[in-house]
Amino acid sequence: MPPKKLKLATLLAQGGVVDEDPLMASSPPIYQTATFKQPDPVAMGPYDYTRSGNPTRTAVEKQLAALEARTFVFTSGMAALATVTHLLSAGDHILAGDDLYGGTSRLLSSVAPRLGLEVTNVDACNPEAVARALRPGKTKLVMLESPTNPRLQVCDIRALSALAHGAGALVCVDNSILTPLYQRPLDLGADISMTSATKFANGHSDLMAGVLAVRDPALAQRIYFLQNSEGAGLAPHDCWLLARGLKTMALRMDRQVANARRIAAWLERAPLVRALAYPGLASHPGRAVHEAQATGPGSILSFRTGSVAASQAICRATRLFKVTVSFGGVGSLISMPCFMSHASIPAEVRAARGLPDDLIRISAGIEDIEDLLEDLEQAFQVATNLVAAETPVPASSS
Ligand SMILES: *Cc1c(COP(=O)(O)O)cnc(C)c1O
């Protein structure tokens, strides 16, 4: 009988060990060393220099490999994405979605052009628009997010990957919102699956890390070459922290998704809320596509109130939802992307992309849901009172 294929939660909980460790430590040793002694001047050991490879990094890269494919860990999600752009050469064209994480938007608009890369943005929810924007032979990379951050828009990864491959481009999907636990871009046709491990993979808001996963051995070799050449591989102590976080990732995300579903149901009935975006809702326009490519709605949601003052009042009044950028940690967070994570996108670009100033983004944590809903209840009451005080009482007709 072939060995039973273990489920991801099992592999994550039991992974992150250094296989060659003679003492068989349950937690991987932190090889806090830059160099490794060679057995002989003309013979190499398994490791020589930590920029090129380190046993603690190997342990966490293997643990992550259980999630999708060959993986490489970097000092942050942005370091991982910058590495992806370095696969290209001056004169190449990058086609990217138009609702992107702020840092990615900045990388593509302010850094990539200085390397001679031309970048255009397109509404990735619209495959015909993507097909028109591709330049066969010249477009070498298509960068997608689904669901997008912060508007939770969904694009069809299978359809867009087929289009991109037809034009000769690689497809990189930023999977930070769902992680490979809920969506596996490589199974959907993408060439590179990127995840900011700062978020769910680590889960405790105490580490920066980014992951690139690839299946094609030649592409893996090119990424390893860049990781070694540019020196953005994750340091040993951070690899250890990430290996520890990964052990509980499935458990944490389960709870976060369950809490997010309850929060979405609560927000759906809140009078102040409009344009609630969450892929788990029947009202989400991309729900069918999402369900065909992902196994869960995730734990990020966003909505508007129609008033910047009301949105700010909600964020100021919450006690358990901390006003913090980022997402995916065990603690629930609330933010206003236009003033925080996406403030680096110029106001007119934000407006053109439909990123309104009153938008609120919530990342559900693992707390008790009753406490979270009570906190929202009192915060919304504060905002409702404020809106009522500002709305002029209509003149009496009598
Ligand atoms: C956070 C984030 C990044 C960047 O990752 P860092 O680890 O913060 O560098 C990229 N894409 C998305 C969607 C993110 O949320």
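For ligands, and for the atoms within them, numbers begin at 1 and follow the listed sequence. Numbers here are sequence positions counted from 1.
Within ligand 1, counting atoms from 1 as listed, the ones closer than 4.0 Å to a heavy atom of Asn149 are 15 (O). Below 4.0 Å from some heavy atom of Thr198 lie the following atoms of ligand 1, by number and element: 6 (P), 7 (O). With ligand atoms numbered from 1 in the order given, ligand 1 contributes 5 (O), 6 (P), 7 (O), 9 (O) to contacts under 4.0 Å with heavy atoms of Gly77. Taking every non-hydrogen atom of Phe327 and a distance limit under 4.0 Å, the qualifying atoms of ligand 1 come out as 15 (O). Within ligand 1, counting atoms from 1 as listed, the ones closer than 4.0 Å to a heavy atom of Ser76 are 7 (O), 9 (O).
In this structure, Leu141 and Leu87 have side chains that are not in contact, with every pair of non-hydrogen atoms separated by 4.5 Å or more. Taking 4.5 Å as the limit, every side-chain heavy atom of Tyr101 sits out of range of all side-chain heavy atoms of Ser196. Taking the side chain as every heavy atom from C-beta outward, Leu241 and His204 never approach each other to under 4.5 Å.
Between the side chain of Arg57 and the backbone N or O of Phe74, no donor-acceptor pair lies under 3.5 Å. Between the side chain of Gln63 and the backbone N or O of Ala243, at least one donor-acceptor pair lies under 3.5 Å.
Within the 4.0 Å heavy-atom cutoff, Ala209 counts among the residues contacting ligand 1.
Of the protein's non-hydrogen atoms, the one nearest atom 4 (C) of ligand 1 is Tyr101 CE2, 3.5 Å. Closest to atom 8 (O) of ligand 1, if we only count protein heavy atoms, is Met208 CE, 3.6 Å. Closest protein heavy atom to atom 5 (O) of ligand 1: Ser196 OG, 3.1 Å.
The shortest N or O to N or O distance between Leu81 and ligand 1 is not below 3.5 Å. Ligand 1 has no N or O atom lying under 3.5 Å from any N or O atom of Ile177, backbone or side chain.
In summary, Asp187 and Arg215 engage in a salt bridge, as defined by a charged side-chain N under 4.0 Å from a carboxylate O. A salt bridge is absent between Arg319 and Glu374: the closest approach of a Lys/Arg side-chain nitrogen to an acidic carboxylate oxygen does not fall below 4.0 angstrom. Comment: Arg304 engages Asp358 in a salt bridge, judged by a side-chain N to carboxylate O separation of less than 4.0 angstrom.
Checking Asp174, Leu100, Thr104 against atom 13 (C) of ligand 1, the nearest heavy atom belongs to Asp174. With Glu145, Met78, Lys199, Met194 as candidates, the residue nearest to atom 1 (C) of ligand 1 on a non-hydrogen basis is Lys199.
Here the closest non-hydrogen pair linking Leu107 and Pro113 is O-CD, 4.5 Å.
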